[in-house]
Each structure stands twice: as C-alpha cells, then as structure tokens.
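To keep things clear, I will list the structure first and then write my remarks on it.
Chain naming here is simple, since letters A, B, ... match the order of the sequence lines and numbering starts at 1 in each. These numbers come from the heavy atoms of this one structure, side chains and all, not from hydrogens, waters or symmetry mates. This is a predicted model, so every value here is computed, not measured.
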Amino acid sequence: MPVKIDYKGCIGCKKCYDLCPLDVFSWDEVIGMPVVAYDEECWHCGICWMECPKRAIDITYPASNW
Amino acid sequence: MNLNKAADKILETDVLVVGGGMAGCPAAVKAREDGLKVTLIEKANTARSGSAGVGMDHYPVGLMDYMSPREFLANWDNIKRETDLVTDWADPTRCYRLYTHQLWSINELERIGVPMRWNDGELRPTPGHGTGTPLLRVHWLNVKPTLATAMRNRKVEVLERTMVIDLLTKNGAVVGATAINTRTGEFIVIKAKAIIIATGSLGRCYSPSTPTPWKYKFLYHYCPASMSGDGWAAAFRAGVEMVNMDYTDIGILISDELSISFGNLVMNEGILPKIFSWDGQELPIKGMPRPLEYAELEKAGRDPIYYSIEHLPDDFQKRVEVCMADERPVSLKMAQDRGFNPRSHRYVNMTNRPFLFRTPAGINTDGYFKSTVTGLYAIGDATNGGHSCVNAACGGLLVGNDIVDFVKKAEDTEIDKAQVEAQKEIALAPLYVKDGTEPMELECAIRYICDRYVGLFRSEGKLREGMRRLGTLKRVFIPKLMAKNPHYLMRCLEVRNILDMAEVHIEACMERKETRGDCLRLDYPVKAPSLDGKLQFQKFENGKLVSCMRKLTPLNIEIGG
C-alpha cells in the first residue's frame, strides 16, 4: 500500500481527508480517523504526508520505481 | 423555470470558474474584486489542487523590458526563446498581452498575498531553464493555501470536491453548467452569465511511464493525476473549437526523483546538467533530446540517456534541496529513502513516448481568452499557450479583469430544463448499472489504444484502427460503466471525458498529413508547405466531429498601443 496511517500517532485533524487531490481517504465517523479507502488511486504526490501535523502518514514508492 | 425536481442544489452566479488551480484562483479573486458574484468549482480541494498543489519553486516570467507590438513581432524568435510563451501556436495578441502583463502579474499576486520575493526581500531572477529562459525563483510551497485563503477572504463561493459534468447552452451561448459533488452525489445546477474553464490539460489517455500496481497517472511531472480533461470535454460537447489536439509531449521519467519536476531540476538555478548516453559519452544536447533525436540514439544502442549533476559546485546540492522544499517536498524524502545521491548517481531522464497534451493544444481562444462559444473563456493550460504558472496566473488575472464588461452586458436567460435532465440522466446512469464495467478497466483500454495506435510515430493505418477501436469502446462500454458510489461516479465521468478527447486527438493526428515539429507522421515524413503557419482545429457540430486547418488571426497592434 502506498500510504500507511499510523493510528497511534493520528490525532484525527482531517487534513489528509480534506486535502488529498485524488480523494484516496474516507472518514470513519466511529473512530474519528481517516481510512485509506482507494489506495490504488494514490499517485504519490505526498500532500497527506507533508500536511500531517504528526507525520503519522508514511508514503512509499512502488518497487518498479526503485 | 422549475428545476427543483431535477437538481439537488441550484446556484446562480455572474461568473462560474471551473477548476481552482494557478489560473482559476487568480481569475476568481480578480473578478470578485471587480464586484462580480463568483462561484468556483474544484474537483479536489483548492488548498492543494492542481499542478501547484504540491508547491512550486519557479515563476517563469520573462522579465524583459516592455516592447511595442511592432518590436514584439520583430523580436518573435528571441521572445520565444526567452519566455514561456508559445507564439507560433497561440493567438499572437493573447501572447502579447501575457508578455506585457507579466510584471503586472507579479505585483497583483503580491497584492493578494502571494509571496514573490526571496529571503532578502528582493525578486530573485535566475538564468533559468537552460535554454536561456529567465525565471523567478519563489518559495511557493504554500501558494495554493494562500490563494484559497485569498478567495475565502473575498467571499468567492467555492465548491470543493465538485466536478463539472457538462455546460448548459442557449442559442450558442453558455448559460450555466451541471456538476456533481463527488462525495455526496449531490447533483448541482449552476446558472452563470459567463464561464471560465481552468481545468488544465489532459494526461490520462496515455499510460504512466513505469508499470505500477497503482492505477492513476503517476511518474510524469507537471501532470496531476486528476487531469482528465474535464473542462475540455465539457466545452467540446458544448460546441467549442479545440486547437492542435495532435500535440503531445514526450514522457519525462521521474524514476530517480531529481527530475520529478522541471522546477526541481538544476536548470532552475541556471546551471545545465550534463547529458550522457549509457556508455558515458556526453551528448551535445541542450535540455533534452526531441523524439526523432531520441529515436536515433535508441537505434544506435545508446539509450538510456542520463542526466548528471556530478560536475556542479559544492553548494549545489543544498540549492537543489531548497528547490525540493519549495516544490514537492516528498521528492527529497523519496530520494533519501532510496539512498539516492545526486552527486554520485546519474539519473535516467526520459522515455520516448507521449504523455500529456502539449502547450499548443487546448481550447481555441482569442486575444481576450474568449472561446468560440459566447460567454465561455479558457485560461491556463486549458487553452493553447496558457501553460506554466506565469501564463496561468497572468491569464487568470487578465480574464478576471476583462470579464466585467461582458457580464454587465449579458442578458438574463433561462436554463432549459430538458437539457439539465438529459445531462443528469447520462451522468448518473452508472449508479444504476449492476455487473457492469469499472471505469479503470475502460481507462486502461483507452490508454492502450493511444499507446499502441497513436504513440509518437504515427501512420494512417494505425490511426484508423485506433479510431475504430475507440468507437467500439464508446458504443459497448460507456453504457456499461458502473459506479457503486459517488467517488466511482467521478471516475466514470472522467473516463467519458478521456474517451471524448482521445477521439479528438486521433482525428487531429489523422488530419495532419505532414510531419511538423514533434508531430511525426511516418507516412508523411516532411513538412507540407501549404500548411505553413496553419493550425489545426476540431469541433463538434450537428453530432459530427469537424476538422479544419487555418491560419491564426494576426497580432492586433491596436492592443497595448
């Protein structure tokens, strides 16, 4: 998966959910945290990673790009 | 008019801006400052959408002295080299206006809160792209949040996560648009006196450069994956004329992360990288090889071609890092994750295959960014020659200024309910299809056709087969598209747009029976002198795709004195 959320670090600020240009995240009202709902649509722009105030999102490149 | 049953939400505005990127936001701000009611719809979130959503490190302004129109014409070649204008391929009056308003645009952006100055409080021009293009280095990591705030402060009505479906017309003029909220599925009708298309170009009818398990457009620079030609397709279906739709650019690989964007390239700091073939021989090429040059290198067994910055001064690594911090900081993380050291590693630069539509392609507009449909404007990469943040922002500001006169004179018209209902039926159909086709399956099929039957090296037989196959896809698979929620409905609407534009693309390639620039026809390998100075136009008329070749309107030297 290109995007991983560290749920221990996540504070539920919604930035990733609000800002992702491809709308990869959905919002889980029960836990009050984001969910990677459409991971296959991520294009690795890194906006979630750079906007996350807790750096609770990691982003990795696919093997074919190494 | 009773639209209440047809629409979940009905809005009325003076100006509708479609797309909130580097062109759309300045246009909305300017039109609002001029006292108009402005609504902007954006498929993502204006704070981080479009090409500059990940930040931007350069504003490729010409920074040349003012010239009269006559001097401008006399210096055509020089200006082409030293600015980002594409004067051969776009309305010369519009190019002239963009050129003479570049410095004005710096002041205007600064006035609305966009930082234009370097750490020392001065403008920081650099020699630029390596081809002599001067540009302004800027710290623009947060340019989009800044523009989003500027719109909010001026009470521009912004609808985020809202995608345009189609334009509404009456007697050959635009009167509004239909749109959908891609999270809630809310169907929206917006009545507008004028519409500005600012949705950029189209990048998704060709495959990404590296096979990845991920679906969307990835690994090409300056091409946000969201660019599915939504504005182009909606305008085209409304009868607008498209221009130069056979112009695609060649793929720049970002596999080694330094070349993730022109903005991050060392060229931005005015120092050229060296270009080597795999066997370590330096190539006498500036910038990057064009398709024919590249094909020769491939044929001679000298591919891949590498960029190298090993020879650069000691402080250079630091300067490249500043570029990356200003534009797409994730680049630096990726480079670090992979242990990539630009001082000791060379990086593969490009691949010889097409990707997005090039700057000469887009909606045909005149000196005032007006399209061939009354009330419909196009700015930024949505129009030909409007690409790059300077032309996008400057064009947006100019249109935001000019549009006041049009809006004040525009008559109040009614929206045709039947038109709304027809657009709604087509757009929402995938929500009711079961056991159908997922949008990505169709998108991959379109990409395959464009890769296989168009590509860079084109010929009649391949193009005809490609067109035939696209026709089959349209007939068989568009009615089968299924969407289990509004998110996938957005993808279905995108793929419909991509398919419409791919058809225009192949038609344009077939019409060009010559080789010109990077438009290569293997079966017509030389320039046709009869087509000198002519551009290619396509539009949708009475249910048919109509093409023609004609010359541009000459520079109107009344403009600007």
Looking only at heavy atoms, which two atoms of A:H44 and B:R328 are closest? And how far apart? O-NH2, 2.9 Å
A:P21 and B:S226 have their tightest heavy-atom pair at O-CB, 4.4 Å
Looking at [atom1] of [X] and [atom2] of [Y], how far apart are the two atoms once the value is rounded to the nearest 0.5 Å?
X      : Y     : atom1 : atom2 : answer
B:D337 : A:T60 : CG    : OG1   : 8.5 Å
B:R48  : A:C20 : CZ    : SG    : 12.5 Å
B:K43  : A:L22 : NZ    : CG    : 8.5 Å

Residues that B:A445 engages under side-chain contact (heavy atoms from CB on, under 4.5 Å), provided they are two or more places apart: B:L473
Would B:R183 and A:D23 satisfy side-chain contact (heavy atoms from CB on, under 4.5 Å), going step by step from the backbone distance to the final call? CA-CA 9 Å; B:R183 282 188 175 166; A:D23 215 4; 2.6 Å; yes
Using 30° and 60° as the class limits, which term best fits the ring planes of A:Y38 and B:H487: parallel, tilted or perpendicular? parallel
Can you list everything that forms a ring pair (Phe, Tyr, Trp, His ring centres under 6.0 Å) with A:W49? Sequence neighbours excluded, please. none
Applying a heavy-atom distance below 4.5 Å, give me the residues of residues 4-19 of chain A that approach chain B, sorted by number. A:Y17, A:D18, A:L19
Evaluation steps, salt bridge (Lys or Arg N to Asp or Glu O under 4.0 Å), between A:D58 and B:K333: CA-CA 10 Å; A:D58 195 22; B:K333 172 196 156 36; 2.9 Å; yes
Among all residues two or more places apart in sequence or in another chain, which pass the salt bridge (charged side-chain N to carboxylate O under 4.0 Å, His left out) test with B:E160? none
For the pair B:L141 and A:M50, evaluate side-chain contact (heavy atoms from CB on, under 4.5 Å) and give the outcome as yes or no after the intermediate values. CA-CA 10 Å; B:L141 179 63; A:M50 80 185 188; 3.9 Å; yes
